[in-house]
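Below is one structure, written out as structure tokens; the observations come after it.
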Amino acid sequence: MDGIEKITARIQQDAQAEIKRLVEETDQKVNAVMDEAQAQAEKEKAEILSRGKKAAQERLERLESAASMEKRKLQLAAKQEVLGEAFELALKKLCELPEKEYVELMTRLVLEASTTGREQLIFSVKDRNRVGKQVVVAANEAMVKQVAPELPNSLGESKVGAFLGKVVNNAAAQFTGTGLLTLSEQTRPIQGGFIMVDGDIEINCAFETLVRMQREKMEKEVAQVLFG
């Protein structure tokens, strides 16, 4: 019996040793797997954080770019508004010139725009009643003076001389076909200036049109003065 017990004890001892070895190997493998898994997790975590940081930075840059673009748009809109106000003020000043200066300006514009001296002038209701006739008469006289002989000063200063001057001017106008501008019965909804009509041809000399055309030419120059 002692031999069997010794054998049994030896088997148990060997089994326990094998179990211990297997347990140790298993623990080592488990630890290795856990270490590898931990390392992979740390690596993936770093990659995720890196991607997240990069995505956040890209989004920040997009937001900054959009904000900068919006700022430029607002600045441009503000500058355009100020420019518009500047040219609107110029238009207002033109329309509010004293009557004498207004007539002189309109007369110069008529002389520059006329090609035949026989056109019709259309004004706004206000300007037709206020200065229409003065402008037509002044422009006609200026045209006729270019072709009609002038009376001597001594004669022209008298009432008779003034009458003779008108007779000579009218005769010269009829003879040369110039200085025959007329005041149209029509009116137009314009702020100032006039519309010159010759048959089917119209020349727009309304102040708002002239200011708009000047704005197209001078906007950069005016902006430089206003904004530097």
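Any value given below was found using the heavy atoms of this structure, including those in side chains, with hydrogens, waters and symmetry copies removed. In this text the structure is predicted, and so the values were computed from the model without any measurement.
Put simply, the side chain of Glu221 never gets that close to the backbone of Lys217: no donor and acceptor are under 3.5 Å apart. In this structure, the side chain of Glu208 engages the main chain of Gln191 through a donor-acceptor pair within 3.5 Å. A distance-only check finds no donor-acceptor pair linking the side chain of Glu202 to the backbone of Asp198 [under 3.5 Å]. A distance-only check finds a donor-acceptor pair linking the side chain of Arg128 to the backbone of Ser184 [under 3.5 Å]. At least one donor-acceptor pair closer than 3.5 Å links the side chain of Asn140 to the backbone N or O of Leu180. No donor-acceptor pair closer than 3.5 Å links the side chain of Glu104 to the backbone N or O of Tyr102. Although no hydrogens or angles enter the test, the distance criterion places a donor-acceptor pair under 3.5 Å between the side chain of Thr107 and the main chain of Val103.
For the pair Ile122/Val197, a side-chain contact is recorded, criterion being any heavy-atom separation below 4.5 Å from C-beta on. Between Ser124 and Ile190 there is a side-chain heavy-atom pair separated by less than 4.5 Å. In this structure, the side chains of Met106 and Phe123 come closer than 4.5 Å at one or more pairs of heavy atoms. Arg118 places none of its side-chain heavy atoms less than 4.5 Å from the side chain of Leu181.
Glu216 pairs by the side-chain contact (heavy atoms from CB on, under 4.5 Å) definition with Arg212, not counting sequence neighbours.
Hydrophobic clustering, with ILVMFWY side chains joined whenever heavy atoms are under 4.5 angstrom apart, groups Leu94 together with Leu121. No chain of hydrophobic side-chain contacts below 4.5 Å, direct or via other Ile, Leu, Val, Met, Phe, Trp or Tyr residues, connects Val125 to Phe207. In the hydrophobic clustering of ILVMFWY residues, with side-chain heavy atoms under 4.5 Å counting as a link, Met213 and Ile203 come out apart. Clustering ILVMFWY residues whenever any of their side-chain heavy atoms sit less than 4.5 angstrom apart, transitively, puts Leu109 in the very cluster that holds Leu183.
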Any chance you could lay out the side chain to side chain contact (heavy atoms under 4.5 Å, CB included) test for Met143 and Ser114, step after step, and finish with the verdict? CA-CA 10 Å; Met143 289 180 180; Ser114 176; 3.2 Å; yes
Starting from the C-alpha separation in whole Å, work towards a yes-or-no answer on side chain to side chain contact (heavy atoms under 4.5 Å, CB included) for Glu85 and Leu89. CA-CA 6 Å; Glu85 291 175 356; Leu89 180 60; over 6 Å; no
Please evaluate residues Phe87 and Arg215 with respect to the criterion side chain to side chain contact (heavy atoms under 4.5 Å, CB included), reporting the C-alpha separation (whole Å), side-chain torsions for both, the decisive distance (0.1 Å), and the verdict. CA-CA 7 Å; Phe87 283 97; Arg215 177 173 181 173; 3.6 Å; yes
Audit row: Gln40, Glu42, side chain to side chain contact (heavy atoms under 4.5 Å, CB included) steps and yes/no: CA-CA 5 Å; Gln40 183 65 27; Glu42 291 294 334; over 6 Å; no
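The heavy-atom pair separating Gly192 from Asp127 by the smallest distance is CA-OD2, 3.7 Å. Contact between Ala139 and Leu111 at its shortest, heavy atoms only, is O-CD2, 3.7 Å.
Inspection of the Glu219 and Gln214 side chains reveals no N or O donor paired with an N or O acceptor under 3.5 Å. Side chains of Glu24 and Gln28: no donor on one and acceptor on the other come within 3.5 Å.
The pair Glu112-Arg108 does not count as a salt bridge, with every side-chain nitrogen at least 4.0 angstrom from each carboxylate oxygen.
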